[in-house]
Amino acid sequence: VLSGREAPKADPFFVEAEQKAPRDPMQVDATFVNMMEKDANLLWNAHDGSKMEVGSIKAGEASLGIQTFDAHVFDVQIEGKTVQVIKIDRTKGEEQKFEIRQSASSETEDNGGSTDKDEL
């Protein structure tokens, strides 16, 4: 905490450089919306087979936004059970939205890709 002094200002060179940094062409801004009545956990399936928790999403249309990349696979779990599997497909756009819903068969669902925000 700075007492009695003004907070340091961001260096304009670095701010400008960050704003002009090229976007990775495989990057996707993904938003996951929980349409279920229970909280959900989002796990990323790493290339080595491990699963890493990305975050939790409260029940009732709460959302979680992340930056990820083409071909990344995520498990959506509710109470420890995988209810949906989502694979990122960059060809569907750089901004994508996924609704978490219970599949009709109550089995793991692989949506085989993604849905653009404009399609929902």
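All figures in this text were calculated on a predicted structure; none of them were measured in a lab.
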Enumerate the residue pairs fulfilling salt bridge (Lys or Arg N to Asp or Glu O under 4.0 Å) with a member in residues 58-73, sequence neighbours excluded, ordered by first and then second residue.
Asp39-Lys58
For the student: nearest non-hydrogen atoms of Ser56 and Asn41, plus distance:
CB-OD1, 3.2 Å
Rounded to the nearest 0.5 angstrom, the CD-CD1 distance for Gln84 and Ile78 is 9.0 Å
Decide ring pair (Phe, Tyr, Trp, His ring centres under 6.0 Å) for Phe74 and Phe98; before the verdict, give the C-alpha distance in whole Å, the side-chain angles of both, and the deciding distance to 0.1 Å.
CA-CA 11 Å; Phe74 296 88; Phe98 304 92; 8.2 Å; no
Could you check His72 against Arg90 for side chain to side chain contact (heavy atoms under 4.5 Å, CB included), going step by step and ending with a plain yes or no?
CA-CA 10 Å; His72 281 185; Arg90 178 60 175 86; over 6 Å; no
How long is the straight-line distance from CD of Gln77 back to NZ of Lys38, given to the nearest 0.5 Å?
14.0 Å
Tell me whether Phe69 shares a hydrophobic cluster with Met52, the cluster being built from Ile, Leu, Val, Met, Phe, Trp, Tyr side chains joined at under 4.5 Å.
no
Looking at residues at least two apart in the chain, or sitting in another chain, which of them share a side-chain contact (heavy atoms from CB on, under 4.5 Å) with Glu37?
none
Distance-only, no hydrogens or angles: does the Arg101 side chain make a donor-acceptor pair with backbone N or O of Met36 under 3.5 Å?
no
What's the shortest heavy-atom distance between Met26 and Asp24, and which atoms?
N-OD1, 2.7 Å
How many angstroms lie between atom OG1 of Thr68 and atom CG of Asp29, to the nearest 0.5 angstrom?
10.0 Å
Measure across Ala40 and Val76 and return the closest heavy-atom pair with its distance rounded to 0.1 Å.
CB-CG1, 4.0 Å
Taking transitive links into account, so neighbours of neighbours count too, which hydrophobic residues share a cluster with Met35 at under 4.5 Å side-chain distance?
Val33
Answer yes or no: is there an ion pair linking Glu79 with Lys81, defined by an N-O contact shorter than 4.0 Å?
no
With salt bridge (Lys or Arg N to Asp or Glu O under 4.0 Å) as the rule and sequence neighbours excluded, what pairs involving residues 43-57 come up?
Lys51-Asp75
Which atoms form the tightest heavy-atom contact between Ile88 and Ala30, and what is the distance?
CD1-CB, 4.3 Å
Heavy-atom side-chain contact between Val54 and Leu64 under 4.5 Å:
yes
Can you check whether Asp89's main-chain N or O pairs, donor with acceptor, with Gln96's side chain at less than 3.5 Å?
yes
Within the distance-only criterion (no hydrogens, no angle test), does the side chain of Asn45 pair as donor or acceptor with the backbone N or O of Gly49 below 3.5 angstrom?
no
Test Ile66 against Phe32 for side chain to side chain contact (heavy atoms under 4.5 Å, CB included), laying out the working first.
CA-CA 8 Å; Ile66 64 168; Phe32 301 86; 3.7 Å; yes
Verdict with supporting geometry, Glu94 and Val28, side chain to side chain contact (heavy atoms under 4.5 Å, CB included):
CA-CA 5 Å; Glu94 67 181 42; Val28 173; 5.8 Å; no
